[in-house]
2 protein chains.
Amino acid sequence: MPPNRSKPNNLVQTIERVALIFDILGMAPNGISVGELSEKTGFPKGTSHRLLSSLAYFDYVRQDPVTKNYQLGFKLVELGNRLLGHLDFRAVARPFLIHLAERTKETVHMVILDRNEALYIDKVDSSEHRSGLRMVSMLGSRLPAHCSAVGKVLLAHLSDAAFDEVISHKGLAERTRNTITEVERLRAHLKKVFAQGYALDNEENEIGIRCVAAPIRNERGAVIAAISISVPALRSEKSKLETTLKDRVVETALNISRKLGYPQ
Amino acid sequence: MPPNRSKPNNLVQTIERVALIFDILGMAPNGISVGELSEKTGFPKGTSHRLLSSLAYFDYVRQDPVTKNYQLGFKLVELGNRLLGHLDFRAVARPFLIHLAERTKETVHMVILDRNEALYIDKVDSSEHRSGLRMVSMLGSRLPAHCSAVGKVLLAHLSDAAFDEVISHKGLAERTRNTITEVERLRAHLKKVFAQGYALDNEENEIGIRCVAAPIRNERGAVIAAISISVPALRSEKSKLETTLKDRVVETALNISRKLGYPQ
DNA sequence: GACAATATTTCGTAATGCGAAATGCTATTT
DNA sequence: AAATAGCATTTCGCATTACGAAATATTGTC
């Protein structure tokens, strides 16, 4: 899925090819051979090999010495985590998220808006169901903004122009029967979210999962992220979500915001 | 620091330049401008811009809309975590590591040998001192093998040829006064590590920190990773490290190995 | 030890990316 | 409001760079 940026007029071919290679390797847990890569990309084998071995030199990919297959390299882990480390609000928030997860015994997420989608930048499972597995595969993954509680919180604090851009690029895909798919209805809904300071997700993204989310603000009051609690629909009478859990998410979000310098 | 691979005869220039850009952006928490990048790299401004905007199109870097600075992009987080997700033994191990951290109230690491160094692939702080901050910046980072408990465990199970390769490429840098810096002494020490099934780090990498580590084995008995407990030297009489903590690390490592199919 | 299926290297060619210079944009100053 | 300065961004003719078909090396198999 090509991102929604304007395509640069002078897109460098090698970068385009490397991006394609990374995407393909990202879907191949055990790596792929030079031949397979050429098959999938249409590059001649020599070309595939030249690109892979150049990438391997810098540890962006690595070659299994026995199968000769190429897979993603650990330089990507280093860079990805360096980027996350640069998001200082994330470090500030983390202890609060852990506390929230332990107090509610539910899963907590932290999300930012990036390229018109909700992007997971942290996740804490309650100690009960900490698996770790999911967390890892989740960081850096994306969710439509219009059908998640976190996404709606972020949308609600956007300028009209920015909101329109999200809609025009991403639309309002129907993920479940509860998804809000009409722009005007969404606009009205977000007005309410803005006013009340939190958003609910009533199985709008995935049947069986409900969430409550609240905004994180920086020292200037700008909304820079959102946090949420996710609850299996079975375990959640809708009322509890809208009372206890809602209060705790809102409270935690405010505490994080204050720590970030948000006055009041 | 260029890796120790043989330089491919046909290194693609664009990939070389992109690697340099990523390294520079990785050290710039708030990103840098086109001009600054050109200054640091020597590329003409037009070239820097073309590379950055091509990378931005695929989300490998992103541009701050207000400062116009470029920083690392979230595609790197996605790929890095995808790679970690592919290491299935990591997912298997995680619950054990959490349990170990909570039981001992100390920090637990998981490490593999990659490119002749010990590479962090997981970290669990005990709930007491969970900060999260360090964890993030640590994943994907590296440590010399010869002066860490985890590294020595991994070295101890290498073939002679593989061991020699590590030494010849990385040497035995003296990190503290306790670091083992003579090959023959290290060789003898590793023989002991191999025999006893665990390794100690007696402030060999960093004054003030001691560790115990044990190997993780796969279904064929091959050592594929190592786990460790790290303890501030203040808090650790050396005896406790060599008794209780050692036993728990060894036990946990064996349990993980069994879960991975290691017979016995 | 020959064969087959790979990965890897070679090398002449032209397409691709290069980069100096022109242009466009934004913020600041007077 | 106009001028200026300091950027980012785009343009375009040129030569370097990467291309890729084919040759070769390597690895595993019968």
Tell me the interatomic distance from [X], atom [atom1], to [N], atom [atom2], rounded to whole angstroms.
X	N	atom1	atom2	answer
B/Glu36	D/dG6	CD	P	15 Å
B/Tyr57	D/dT9	OH	P	17 Å
A/Ile32	C/dT6	CD1	P	14 Å
A/Leu37	C/dT6	CG	P	15 Å
A/Glu39	C/dA7	CD	P	11 Å
B/Leu55	D/dA8	CG	P	16 Å
B/Leu11	C/dT8	CG	C1'	15 Å
B/Leu51	D/dT10	CG	C1'	15 Å

Can you name the closest pair of heavy atoms from B/Ala214 and B/Gly197 and give their distance? CB-O, 4.0 Å
So does [X] pair up with [Y], basic N to acidic O under 4.0 Å?
X	Y	answer
A/Arg82	A/Glu78	yes
B/Arg187	B/Asp160	no
B/Arg142	A/Asp59	yes

What does A/Gly46 touch in the nucleic acid at a heavy-atom separation under 4.0 angstrom: a base, only the sugar-phosphate, or nothing? base
Taking for each residue the nucleotide of DNA chain D bearing the nearest heavy atom, is the 5' side occupied by B/Gly35 or by A/Lys68? B/Gly35
Selected nucleotide, minimal atom distance to B/Gln63 side chain, candidates C/dG17, D/dA8, D/dG20: D/dA8
Which nucleotide sits closest to the side chain of B/His49: D/dA18, D/dA8, C/dT9? D/dA8
Between [X] and [N], does any side-chain N or O lie under 4.0 Å from OP1 or OP2?
X	N	answer
A/Thr47	D/dG20	yes
B/Ser33	D/dA8	yes
A/Arg17	C/dT16	no
B/Tyr70	D/dC7	no

Tell whether B/Arg50 reaches the base of C/dG19 with its side chain through a donor-acceptor pair below 3.5 angstrom. yes
Could you say whether B/Lys45 or B/Thr14 is positioned toward the 5' end of DNA chain C, judged by the nucleotide with the nearest heavy atom to each? B/Thr14
Quick check on DNA chain C: between B/Gln13 and A/Asn69, whose nearest nucleotide comes earlier from the 5' end? A/Asn69
Once the angle between the rings of B/Tyr70 and B/His49 is folded into 0 to 90°, is it parallel (under 30°), tilted (30 to 60°) or perpendicular (over 60°)? perpendicular
